[in-house]
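Notes follow the structure.
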Amino acid sequence: MNWEEFENTARQCKACGLCEGRLTVVIGRGSRNTGRILFVGEGPGENEDKQGVPFVGQAGRLLDLALEALEFSRDDYYIANIVKCRPPQNRNPSLEECEACLPLLRQRYRLLKPKIVVALGAVAANNLIDKNKTITSMRGQWFDKGGILFTSTYHPAALTRDSSKKPDFYYDLKQVKAYADKYINK
Ligand code: URA
């Protein structure tokens, strides 16, 4: 499946009930270069649902600012979510909704062949790394899964609620940058 086929499939997806309330299917944004970094959030909020682009609201601005401050190259990352349609009232997506959407994320692995996957927040970390651990206990740790390095940090929206998490968030992203500088061949 190429990118066009993937996007067409995603736009028509009716694999779970979230399709009923969505305005758009929020697929992803960023570089389609292979062998780079894939950031994965939770799911679209109101702004993302309207614009069809992930992380365009307050949390997205925080993420963009952090990536810019740490000198990530825009060529080196793509940003997606566990679920591609907005959960009503921004509730957490259910286990079934996440599971219904994961095949489309796996398809993204095939297209992007990421070297590093960064789960942003508990929903992404529980789905991608370990479903039984808290984000506080997992963040900043690295796991090799089939040759892809997985790590996690706080969801940027968590920083707007609790600014004491900011230093850890920056620290974790700094580690990601260090790994990227080491493992990503340009
Ligand atoms: N939060 C997410 O997890 N994803 C978005 O796209 C926006 C906010």
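Everything numeric here is computed off the predicted structure, so don't read it as measured data. Note that ligands are numbered from 1 as they come in the structure, with each ligand's atoms numbered from 1 the same way.
Which of His155, Glu42, Arg29 comes nearest to atom 1 (N) of ligand 1 through a heavy atom is settled by distance: it is His155.
Near Pro54, the atoms of ligand 1 lying under 4.0 angstrom from a non-hydrogen atom of the residue are 6 (O). Near Gly41, meaning under 4.0 Å from one of its heavy atoms, ligand 1 places the atoms 3 (O).
Of all the heavy atoms of Glu48, the ones lying under 4.0 Å from any atom of ligand 1 belong exclusively to the side chain. Looking at Ala59 against ligand 1, nothing comes within 4.0 Å, counting heavy atoms.
Among the atoms of Gly43, some N or O lies under 3.5 angstrom from an N or O of ligand 1.
Taking a 6.0 Å sphere around NZ of Lys133, one finds it holds 12 or fewer heavy atoms contributed by other residues, nucleotides or ligands. Counting non-hydrogen atoms of other residues, nucleotides and ligands closer than 6.0 Å to OH of Tyr171 gives a total of 12 or fewer. Within 6.0 Å of CZ in Arg32 there are more than 12 heavy atoms belonging to other residues, nucleotides or ligands. Remark: Glu7 CD is packed, more than 12 non-hydrogen atoms of other residues, nucleotides or ligands lying under 6.0 Å away.
In this structure, the ring of Trp142 has its center less than 6.0 angstrom from the ring center of Tyr179.
The nearest heavy-atom contact from the protein to atom 4 (N) of ligand 1 is Asn81 OD1, 2.8 Å.
In the model, Gln107 has a side-chain atom that pairs as donor or acceptor with a side-chain atom of Arg110 under 3.5 Å.
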